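In what follows, a single structure is set out as structure tokens and then discussed.
Predicted model, so just to flag it, every value in this text is computed and none were measured. In listed order, ligands and their atoms are each counted from 1.
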Amino acid sequence: MSLTVKLTTPVTGAYQQPIGLFINNEWVEGVDKKKFDVINPSTEEVITSVCEATEKDVDLAVAAARKAFETSWKQVTPRQRSRFMIKLADLVENNLELLAAVESLDNGKSIAMAKGDVGAVAACIRYYGGWADKIEGKTIDIAPDMFHYTRPEPIGVCGQIIPWNFPLLMLSWKIGPALATGNTIVMKSAEQTPLSALVFANLVKEAGFPAGVFNLISGFGKVAGAAISSHMDIDKVAFTGSTIVGRTIMKAAASSNLKKVTLELGGKSPNIVFNDADIEQAISWVNFGIYFNHGQCCCAGTRIFVQEGIYDKFLDAFKKRAQQNKVGDPFAQDTFQGPQVSQLQYDRIMSYIKSGKEEGATVEVGGQRHGDKGYFIQPTIFSNVRPEMKIMQEEIFGPVCAIAKFKDEEEAIKLGNETTYGLAAAIHTKDLNTSIRVSNALKAGTVWVNCYNLLSHQLPFGGFKQSGIGRELGEAALAEYTQIKSVAVRLGGPLF
Ligand code: ADP
């Protein structure tokens with residue numbers, strides 16, 4: 001069976017799409033020869049089908065990753081690891097158009113945003129390539145007849161389970177620190193969006209990485225994902241996705257071999273606008289904060305709190321702004337918002353909209369399907385919300401936000417923190433003191449001041465409270481992929 005199919009995108013024309021499992025630098029079909037369909041969210045039609053990994057394939061991928069970890073990858077110097085990674089970043093950039101087009105086709109995000117994602121993927125891999133030869137231990141002076149030092153060592157075989165909202169970007173956040181620190185990888189892409197990662201895998205091989213260092217499988221969470229999180233020979237699992245699945249993964253990790261766990265989970269992030277904010281700027285950022293990537297961001301600014309002095313004016317202008325967001329074909333140059341990723345997500349979001357209406361919130365704009373084909377949903381704003389409503393508590397993961405008033409700083413902080421999540425938050429104000437006081441008081445892993453969603457690979461990202469465990473990005477992520485060995489050397493002298 002051929003493990004490549006010819007597909008077409010409006011940007012690239014025809015291209016060769018790998019559909020196999022990428023294990024040990026080879027394309028394989030999967031032990032059980034299963035396949036599943038990949039759906040185009042803009043048209044609801046099948047794009048192609050790809051090979052589906054089962055537990056047996058996870059075993060093979062883990063064996064390849066283990067062998068590489070203990071042999072070939074161990075022999076590669078940090079400097080050479082860096083070179084492989086920088087070459088890979090260059091290859092991503094050279095293939096930016098193709099990777100972005102595949103991302104738009106499979107995920108539904110606009111081609112402009114997809115290109116932004118792929119640029120960020122290259123930057124992230126290059127950044128961590130730069131770290132590869134700068135991983136250092138310490139010498140610790142304890143006694144004159146002893147020599148103590150630490151070595152940050154790789155953890156081993158890392159299982160990495162990623163979501164569908166930023167298929168390539170999430171992949172880069174995961175592989176960057178893992179490869180830089182000398183680990184090997186078994187990556188599972190999300191079943192909704194396997195295609196771009198498969199194209200990427202060819203670039204890993206082209207960059208010259210030894211076989212088994214990076215293995216990629218397509219498959220379902222309950223089968224391949226569960227096999228990763230409960231595997232006895234995986235040393236660490238890193239996951240991005242829903243809080244509910246995060247819990248399952250942590251349980252599986254604990255009851256199998258106590259593998260290390262990092263989790264980047266959901267959010268219900270507050271976006272707080274004070275009376276003294278630059279209103280026009282604040283509206284742009286609030287709009288971007290919720291509708292970027294169709295609301296499918298774990299850090300989306302879903303709860304918007306506006307100080308009472310400007311509330312009416314703000315709401316009026318925000319409604320106009322939201323209605324101007326161009327919803328439609330991801331391949332149109334001016335599209336801002338494409339379809340939601342799947343029928344399941346579409347149904348979930350529509351049921352939240354229904355629940356908001358039933359609980360008595362007011363739909364200010366949107367609230368309906370957009371068009372009659374594809375999983376498109378109108379940008380939606382609810383007002384007249386109360387903290388206990390479902391739409392104020394649960395992560396909707398779609399283009400739906402709620403807006404409410406606050407009186408003063410104290411109330412803004414209280415409302416902002418009134419959630420079990422703590423991934424991100426934002427404040428809009430011209431007052432430096434307010435911005436620092438409030439950002440200190442908000443229980444969130446990232447706080448944006450007078451902006452939103454401005455992520456950078458140099459800046460750590462992760463959750464307070466139930467939004468996660470550990471940090472991705474920046475130097476902080478290196479610690480999540482290393483373990484410290486302390487060495488104590490006795491230099492002679494009297495025995496005690
Ligand atoms: P969503 O509900 O938005 O699709 P999920 O958290 O379910 O998000 O999915 C994120 C990733 O987690 C995907 O790769 C998915 O296959 C995987 N996944 C889902 N369920 C499990 C599970 N029980 N064990 C391991 N991985 C899972």
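- Listed by number with element, the atoms of ligand 1 under 4.0 angstrom from any heavy atom of Gly241 are 6 (O).
- The distance criterion of under 3.5 Å between nitrogen or oxygen atoms is met by Lys188 with respect to ligand 1.
- Every atom of ligand 1 is numbered from 1 in the order shown, and the set under 4.0 Å from a heavy atom of Glu191 is 13 (C), 15 (C), 16 (O).
- Side-chain contact annotation: Gln393 with Glu388, donor-acceptor N/O pair under 3.5 Å absent.
- In summary, the aromatic rings of Tyr352 and Phe397 are positioned with their centroids too far apart to meet the 6.0 Å limit.
- Ring-centre distance between Phe209 and Phe84: below the 6.0 Å cut-off.
- In this structure, the protein non-hydrogen atom closest to atom 12 (O) of ligand 1 is Phe239 CE1, 3.1 Å.
- Proximity to Trp164 (heavy-atom distance under 4.0 Å) selects the following atoms of ligand 1: 1 (P), 3 (O), 4 (O).
- For ligand 1 and Gln192, the ligand atoms under 4.0 Å from any heavy atom of the residue are 4 (O).
- Counting the atoms of ligand 1 from 1 in the order shown, those under 4.0 Å from a heavy atom of Gln345 are 3 (O).
- In this structure, a donor-acceptor pair under 3.5 Å is absent between the side chains of Ser42 and Lys373.
- The proximity of Phe397 to ligand 1, defined as any non-hydrogen pair under 4.0 Å, does not occur for either the backbone or the side chain.
- Proximity to Ala226 (heavy-atom distance under 4.0 Å) selects the following atoms of ligand 1: 24 (N), 25 (C).
- Distance check on atom 9 (O) of ligand 1: every protein heavy atom falls at or beyond the 4.0 Å cut-off.
- Panel note: side chain Tyr127, backbone Gly176; no donor-acceptor pair is recorded below 3.5 Å.
- Between Thr248 and ligand 1, a contact under 3.5 Å exists for no N or O pair.
- Close approach of ligand 1 to Gly225 is summarised as follows: ligand atoms under 4.0 Å from at least one heavy atom of the residue are 24 (N), 25 (C), 26 (N).
- Considering both main-chain and side-chain atoms, Ser242 comes within under 3.5 Å of ligand 1 through a nitrogen or oxygen pair.
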Practice task
For side-chain hydrogen bond (donor to acceptor under 3.5 Å, both in side chains), just list the numbers for His231 and Asp59, CA-CA rounded to whole Å, side-chain angles, deciding distance to a tenth of an Å, and then say yes or no.
Solution key: CA-CA 8 Å; His231 205 284; Asp59 284 344; 2.8 Å; yes

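- Under 3.5 Å, the side chains of Glu364 and Ser383 contain a donor-acceptor pair of N or O atoms.
- Of all atoms in ligand 1, listed by their number and element, those nearer than 4.0 Å to a heavy atom of Ile162 are 11 (C), 13 (C), 14 (O).
- Between the side chains of Lys67 and Ser72, no donor-acceptor pair is found at a separation under 3.5 Å.
- Between Gly221 and ligand 1, at least one pair of N/O atoms sits closer than 3.5 Å.
- Checked by atom type, the side-chain pair Thr184/Arg66 shows no donor-acceptor distance below 3.5 Å.
- For Phe166 and Trp173, the gap between ring centers reaches or exceeds 6.0 Å.
- A heavy-atom separation below 4.0 Å is not found between Met170 and ligand 1.
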